[in-house]
Amino acid sequence: MDIEEIKHMLLHALTEESTGGSLDRAKSQQEVYEILRKLPYFSLSMEEFQQGIQALREEQEFSD
């Protein structure tokens with residue numbers, strides 16, 4: 001999966017209303033990943049998840 005697909009799936013999952021409260025309480029990337037894995041469409045590996053998080057952080061830094 002390319003980085004754009006990873007970012008798209010990650011953004012979609014992170015904005016999912018059904019996970020909002022759980023994500024707010026997560027204290028680590030591992031906890032966030034475990035919450036998102038419960039979504040039926042979320043198929044990223046932990047490595048892809050981490051790549052997506054890093055890419056989103058870099059985009060945000062670039063836009064600031």
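Computed from a prediction, not measured in an experiment: that's the story for all the values here.
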Item to complete: Please work out which of the three classes, parallel, tilted or perpendicular, describes the rings of Phe49 and Tyr33, given edges at 30° and 60°.
Response: tilted
Any chance you could measure [X], atom [atom1], to [Y], atom [atom2], to the nearest 0.5 Å?
X	Y	atom1	atom2	answer
Leu56	Gln51	CG	CD	12.0 Å
Leu44	Met9	CG	CE	5.0 Å
Ile53	Glu48	CD1	CD	13.0 Å

Under 3.5 Å donor-acceptor, [X] side chain and [Y] backbone:
X	Y	answer
Thr19	Ser22	no
Glu31	Lys27	yes
Glu5	Asp2	yes

How close do [X] and [Y] get, counting heavy atoms only, and between which atoms?
X	Y	answer
Ser43	Met1	OG-CE, 4.2 Å
Leu11	Thr15	O-OG1, 2.9 Å
Glu16	Leu39	CG-CD2, 3.8 Å
Leu23	Leu14	CD1-O, 3.8 Å
Gly52	Ile6	CA-CG2, 3.6 Å

Worksheet item: Is there a donor-acceptor contact under 3.5 Å linking the side chains of Gln54 and Gln50?
Response: no
Worksheet item: OH of Tyr41: more than 12 outside heavy atoms within 6.0 angstrom?
Response: yes
Item to complete: Show your working on side-chain contact (heavy atoms from CB on, under 4.5 Å) between Met46 and Gln30 and close with a plain yes or no.
Response: CA-CA 8 Å; Met46 177 55 113; Gln30 179 69 36; 2.8 Å; yes
